[in-house]
Amino acid sequence: MGLLDYFRSRTPNTSSASVAKERLQILVAHERSERNKPDYLPRLQRDLLEVVRRYVHVDDNAITVTMEEDGTHEVLELNIVLPEEAAAAPKPKPRQRSHPRR
Amino acid sequence: MSRIIVVTSGKGGVGKTTTSAAFAMGLAMKGYKTAVIDFDVGLRNLDLIMGCERRVVYDFVNVINGEATLNQALIRDKRRDNLSILPASQTRDKESLTQEGVERVLNELSETFEYIVCDSPAGIERGATLAMYFADDAIVVTNPEVSSVRDSDRMLGILASKSRRAEQGLEPIKEYLLLTRYSPERVRLGEMLSVADVQDILSLHLLGVIPESKSVLSASNSGTPVTLDEKSDAGQAYRDVVRRYLGERVPHRFVEEEKKGLFSRLFGG
């Protein structure tokens, strides 16, 4: 390498290698988390969204289904973010669902 | 008791066959009875890299189908008589490999050989999954480049879930990282992922670093595993790899740039 390269190499550390590393770290972490999941999860998520929407209007990304390993057993975690009251769907208002039972 | 080593990567063109040939030759040079098998049915190339392409009569698929005996298909290396090559078929497709057939051949090889090196094809199809299925150890060949690193990680997932050891709940396959086509100068310039970067991402035991080297092409040009080229940096790096694999403590070389004189530093060289 010549004298010119020496000066070129002084340029800041947003080198292409560090960009590569960052992109890979994100991607690999994501792909690893997907790795051992059953392949029905996306379909399950879609179906659940459909059912929930019959009652409450929720966003497409309001439902997350994750599968995690916890020692010897697997945990299927379902997380639904219900909308704020104002945005809630008209039909059965979420608040009114909880009638006191006798 | 023999040991089965798969040389794998997912991505093509990273140096699997070069590594299989060099590593198998290195084991033979250390005195071990070694066999190296080409699993790339349809795209056979190990014979060419080993320099025995004109001696191929029968192949792996012939043996699986009972059209030839193992001894008829094995090609004994002319430089090391404790090294044998089992070539892939050039005319069949990868579906001709069956799990039972591969297992039978590996079992028979285990009776004679101490080390069996399986040269995996690229991809994650039949040939690649069968090459790693029975493995005890895996050498994951990786280039310091995004697609290769990603594919290696994918391969690690497959090794951990779809191998015999995984399915039978045995001790998992031992996985080693072999970083090839490495250029310390480009790493210094920030143009290439460093050894440490790749290790951070893959968290694998580093078996060695093979520098980008002209001698790899000239070795394949002449059909000589690069390990036999004592003068070449890549050849020395592969010898180190073999020693490390066999349990010797050998410091890593070719990770840093060679020291250059003032003249070549200033004017390039």
Side-chain angles (χ1 to χ4, degrees), chain A residues 1-49 60-80, chain B residues 10-11 124 140 142-162 166-167 169 172 175 177 179 181-204 256-269:
Chain A
M1 92 146 192
L3 197 56
L4 274 176
D5 296 326
Y6 186 76
F7 290 110
R8 254 182 242 137
S9 69
R10 301 289 100 177
T11 43
N13 57 10
T14 49
S15 65
S16 66
S18 58
V19 174
K21 186 183 182 185
E22 211 180 299
R23 291 174 62 213
L24 271 171
Q25 277 175 322
I26 295 166
L27 181 69
V28 164
H30 175 73
E31 289 183 343
R32 278 183 195 163
S33 68
E34 301 278 299
R35 195 173 280 167
N36 297 315
K37 283 182 190 171
D39 56 7
Y40 59 72
L41 282 189
R43 277 176 291 135
L44 177 64
Q45 181 159 339
R46 208 179 51 226
D47 290 353
L48 284 168
L49 189 67
D60 278 356
N61 50 10
I63 296 188
T64 49
V65 182
T66 54
M67 180 81 102
E68 265 160 43
E69 255 176 68
D70 183 11
T72 53
H73 55 282
E74 285 171 337
V75 179
L76 181 71
E77 191 183 290
L78 172 63
N79 194 359
I80 306 174
Chain B
K11 189 176 181 297
I124 50 174
V140 181
T142 307
N143 288 171
E145 177 272 324
V146 285
S147 51
S148 174
V149 175
R150 179 202 208 169
D151 289 359
S152 292
D153 191 67
R154 177 96 174 86
M155 223 46 231
L156 291 173
I158 295 173
L159 286 167
S161 62
K162 304 217 167 112
E167 286 178 3
E175 301 155 341
L177 171 65
L179 203 54
R181 309 201 66 168
Y182 194 72
S183 165
E185 186 188 4
R186 301 196 67 186
V187 170
R188 179 175 53 78
L189 293 171
E191 299 171 358
M192 185 182 266
L193 291 164
S194 68
V195 185
D197 290 339
V198 178
Q199 272 188 290
D200 272 358
I201 295 160
L202 297 178
S203 4
L204 274 184
E256 301 293 331
E257 273 176 275
E258 275 177 68
K259 296 264 186 298
K260 280 185 185 174
L262 180 65
F263 187 83
S264 56
R265 261 178 195 281
L266 285 177
F267 300 104

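Please read all numbers here as calculations on a predicted model, not as lab measurements. Quick note on labels: first sequence line is chain A, next is B, and so on, each numbered from 1. The basis for the numbers below is simple: all heavy atoms, side chains too, and nothing from hydrogens, waters or symmetry mates.
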Heavy atoms only: give me the nearest A:Ala17-B:Leu193 pair and the separation to one decimal. O-CD2, 3.5 Å

What are the two closest heavy atoms between A:Ser15 and B:Gly190, and how far apart are they? CB-O, 3.2 Å

Suppose we screen for salt bridge (Lys or Arg N to Asp or Glu O under 4.0 Å). Which residues come up paired with B:Asp153, at least two apart in sequence or across chains? A:Arg32, A:Arg35

Proximity breakdown for B:Arg154 and chain A, heavy-atom pairs closer than 4.5 Å: backbone

For a quick test of your reading: what N or O donor-acceptor pairs under 3.5 Å do the side chains of residues 21-30 of chain A make, sequence neighbours left out?
{"from": "A:Lys21", "atom 1": "NZ", "to": "B:Asp197", "atom 2": "OD1", "distance (Å)": "3.4"}
{"from": "A:Lys21", "atom 1": "NZ", "to": "B:Asp200", "atom 2": "OD2", "distance (Å)": "2.8"}

